Amino acid sequence: MAMTLVAPTEDERPPATEPPALPAPVPVALRLRPPVRQPAAEHFAPTDPSPGADLSRHPKVARALRNRRFQFFLILPNQIIFWAVIFLGILGTLVPGLNFATAITWYIWFCLVFVLMLVVGRGWCAMCPFGGFAEWLQRRSFWRRTQRALGLGKKLPEPIARYGLLLSIGTFIVLTWIEERFNIAGPGTPADTGLMVIGIVAGAVLVFSLFERRTFCRYICPLSALIGTVGAMGSVAGFRTKDRQTCLACPTKDCMRGGEQGYGCPWYTWPGSADSNLTCGLCSECYKACPSGNVGLFVQKPLTSVVQPRRRRADVAWAVMALWGLVIFQQVNATNGYAVADSWLATTSASSPSWPSPPPGWPGWRAGWPCDRSPPTPRRRRDPQSPPAGPSSTARAVSAPTSSQWPTGSSRWSAPTTWRASSRSSSSTRSGSSRRWAPGSGWAAAPTRASTTPRS
C-alpha cells in the first residue's frame with residue numbers, strides 16, 4: 001500500500017524561532033560624500049546664477065560686449081604704459097624714485113591690481129598688456145575675427161594640464177626669487193624693471209606661438225593662480241548661461257568652438273559648467289559667439305565663488321597656501337620692523353667669529369663673497385728711520401683695515417681684493433706697491449713696478 005506524503009499547511013507548521021536580539025551598536029557619526037548624479041541637468045543646476053544679476057540686460061553693456069573693439073580698447077592704454085616702462089626703465093634716469101618705470105610698476109600698478117582682484121576678479125586679465133600683445137600676434141589682428149592663427153597651435157599635453165594652477169605657482173615663485181635676488185622692487189635699478197617686463201612679454205609671445213588660445217594665461221602666467229584665488233572673493237561671477245536647457249540642447253557649442261562673430265573661449269571654460277569665476281578671463285568671446293544669446297555677464301555677492309563651488313580642486317588649495325604665503329612675506333618684508341630685524345641679524349653675523357677659509361676654487365670666493373670677516377694682520381715693514389733703499393723708499397707702509405673700518409650694517413658687502421699703497425706727495429712717488437689678500441694665506445706682497453722718472 002503506497003503512502004502519500006502531504007506537505008503541512010502554513011497553519012500546521014511549527015513556529016519559526018526568532019534569532020536572539022543583538023545588542024544595539026555604538027552610534028557612529030559618518031560623513032559621506034553625496035553621490036555623483038549622472039544627468040547633466042542635475043549636475044549643472046546649482047551653478048545657475050540669479051537672472052536679476054545679469055549686467056548684459058542693459059542695452060549699453062550689451063552693445064559694448066558685442067563690439068569686437070571692446071577688449072582692444074581695454075588693453076591699449078596698458079599696452080602704451082608698459083612699453084613706456086620698458087623704454088624709460090632702460091633709457092631713463094637711474095634714480096628709482098624719479099624714474100617712471102619703477103614708480104608706475106611698484107607704487108601704482110602693484111596696488112591697483114590687488115584692488116581689481118578683490119572687486120572684479122579677473123578684471124586685470126581682460127586688459128593685460130602681456131597676454132594682449134601676444135594674442136594680437138597670434139590672431140594677426142587687433143580686433144577683427146580671423147580664421148587662421150599664427151603659430152603652431154598645439155594643445156598643452158594632458159599630463160601637464162592636469163597640474164592646473166600649480167604651473168602658475170612655479171612661475172610666480174621663480175619670478176619672486178628673481179625680484180628678491182636682484183632687488184628689482186627695492187626699488188632697485190630701473191633698468192632691471194624694464195628687463196623684467198621684457199622677459200615676461202617674451203615668454204608670453206613664445207608660449208602663444210607654440211600653443212593654441214590663451215594657454216599661457218591659464219596655466220603659465222605668474223599672476224594667473226594669484227588672480228584666480230584672490231579674485232574668487234570678487235563680486236563679478238563672469239560669463240554664465242542664462243537658461244541651462246538651451247545650453248545643453250545647443251548642437252554647435254560655438255562658445256567653445258568659435259563662430260562667425262567670436263572665437264572659442266580662450267580660457268577653455270564652458271559657460272554651461274562654470275560654478276566660479278576662477279578661470280573666466282572676462283574676454284566676452286563666448287558672449288559674441290553664442291548663436292542664441294544665452295550667455296550673460298553676471299555679478300554675485302562677495303565670497304560666493306569661495307563657498308559656492310561643489311567641485312573642490314587640489315591645485316587651488318595649494319595655490320592659496322603657497323601664493324598667500326609669498327604675498328604675506330612680501331608685505332612683511334616691506335615693513336620697518338623687518339628692516340630693523342634684518343639689520344640686527346647682519347650686525348650680529350658680522351661680529352661673529354671668523355669663518356673658515358674655503359677650499360681652493362670655491363665659487364663663492366670668485367664672486368667676491370667674504371670668507372673671513374676678521375681684519376687681516378699686516379706684515380711688519382721696515383723701520384721708517386732706517387736709510388732709504390731702492391726706488392721704493394718713498395712708498396708709505398700699507399696698513400690693514402681696522403675692525404671699525406669693516407662694514408657691519410649690511411649683508412651685501414664683499415672683502416676687498418686689493419689694497420694699494422698711497423703717498424702724500426705724488427711728485428715724490430717713484431714706485432707703486434700693492435698688497436693683496438689671498439684666501440687662506442693672509443696678506444701677500446704684489447709685484448711692484450719701478451717708476452721711469454729719474455732721480456733728482
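Every heavy atom of this structure was used, including side-chain atoms; hydrogens, water molecules and symmetry mates were not. What you see is a predicted model; the values in this text were computed from it and never measured.
For A126 against L74, the heavy-atom pair with the smallest separation is O-CB, 4.1 Å. Of all non-hydrogen atoms in Q138 and F211, the two that sit nearest each other are NE2-O, 3.2 Å. Taking each heavy atom of Q300 and V236 in turn, the nearest pair found is NE2-O, 4.0 Å. Between N67 and K288, the shortest heavy-atom contact is O-CE, 3.3 Å. Of all non-hydrogen atoms in A289 and G259, the two that sit nearest each other are CB-N, 4.2 Å. Heavy-atom minimum distance, T252 versus R257: O-CD, 3.3 Å.
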- Show your reasoning for whether side chain to side chain contact (heavy atoms under 4.5 Å, CB included) applies to R66 and S284. CA-CA 8 Å; R66 289 286 184 188; S284 71; over 6 Å; no
For this session: Could you check K242 against V295 for side chain to side chain contact (heavy atoms under 4.5 Å, CB included), going step by step and ending with a plain yes or no?
Result: CA-CA 6 Å; K242 301 177 182 179; V295 177; over 6 Å; no
Q.
Let's go through Y338 and T335 carefully: what are the C-alpha distance in whole Å and the side-chain angles of both, what is the deciding distance for side chain to side chain contact (heavy atoms under 4.5 Å, CB included) to 0.1 Å, and is it a yes or a no?
A. CA-CA 6 Å; Y338 184 89; T335 59; 3.6 Å; yes
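Of the possible donor and acceptor atoms, one in the side chain of T102 sits under 3.5 Å from a partner among the backbone N and O of N99. Proximity of a side-chain donor or acceptor of N294 to a complementary backbone N or O of D243 within less than 3.5 Å is detected. Under the 3.5 Å distance criterion, the side-chain polar atoms of R122 are matched with a main-chain donor or acceptor of L278. Proximity of a side-chain donor or acceptor of S56 to a complementary backbone N or O of G296 within less than 3.5 Å is not detected. No donor-acceptor pair under 3.5 Å is formed between the side chain of S224 and the backbone N or O of C221. Panel note: side chain E212, backbone K154; no donor-acceptor pair is recorded below 3.5 Å.
Looking only at side-chain heavy atoms (C-beta outward), Q71 and E135 come within less than 4.5 Å of each other. Contact check for L88 versus P190: no side-chain heavy atoms found under the 4.5 Å cut-off. Taking the side chain as every heavy atom from C-beta outward, F298 and L55 never approach each other to under 4.5 Å. Contact of the T193 side chain with the W106 side chain is registered, since non-hydrogen atoms from C-beta on lie closer than 4.5 Å. Using a 4.5 Å heavy-atom cutoff, the side chains of F100 and T93 are not in contact. Side-chain contact between I80 and L76 is present, with heavy atoms from C-beta onward closer than 4.5 Å. A 4.5 Å side-chain heavy-atom check between L175 and M196 finds at least one atom pair inside the cut-off. The closest side-chain heavy-atom distance from S292 to C250 is not below 4.5 Å.
Once rounded to the nearest 0.5 Å, the distance linking CG of D192 with CG of N183 reads 9.0 Å. To the nearest 0.5 angstrom, I81 atom CD1 is 12.5 Å from I86 atom CD1. To the nearest 0.5 angstrom, R181 atom CZ is 15.5 Å from T176 atom OG1. Between L223 atom CG and C128 atom SG the span is 7.5 Å, to the nearest 0.5 Å. Taking SG of C280 as the start and CZ of R240 as the end, the distance is 8.0 Å to the nearest 0.5 Å. For the atom pair C217 SG and W267 CH2, the distance stands at 5.0 Å (nearest 0.5 Å).
Side chains of W270 and T241: no donor on one and acceptor on the other come within 3.5 Å. Side-chain atoms of T215 and Y268 form a donor-acceptor pair, as typed in the model, at a separation below 3.5 Å. Looking at S141 and T146, their side chains never bring a donor and an acceptor atom within 3.5 Å of each other. Remark: the N277 side chain and the S305 side chain contain an N/O donor-acceptor pair separated by less than 3.5 Å.
Residue-environment remark: CZ (F110) stays at or below the threshold of 12 foreign heavy atoms within 6.0 Å. By the 6.0 Å contact criterion, CD on Q261 is open, its count of non-hydrogen atoms from other residues, nucleotides or ligands being 12 or less. Within 6.0 Å of the CZ atom in F72, the count of heavy atoms belonging to other residues, nucleotides or ligands exceeds 12. Within a 6.0 Å radius of CZ in F142, other residues, nucleotides and ligands contribute 12 heavy atoms or fewer.
Not counting sequence neighbours, the partners of L210 by the side chain to side chain contact (heavy atoms under 4.5 Å, CB included) test are L152, L206.
F208 and F216 have tilted rings, their planes meeting at an angle from 30° to 60° on a 0 to 90° scale. Between F82 and W109, the two ring planes are perpendicular [angle over 60°; tilted spans 30° to 60°]. Taking the six-membered ring for Trp and thresholds of 30 and 60 degrees, F239 and Y287 have ring planes inclined between 30 and 60 degrees apart.
Ion pair R145/E260 not flagged as a salt bridge, since none of the NZ, NE, NH1 or NH2 atoms sits closer than 4.0 Å to an Asp/Glu carboxylate oxygen. Here E285 pairs with R139 in a salt bridge; the nearest charged N to carboxylate O distance falls below 4.0 Å.
In this structure, W143 has its ring center at least 6.0 angstrom away from the ring center of F70.
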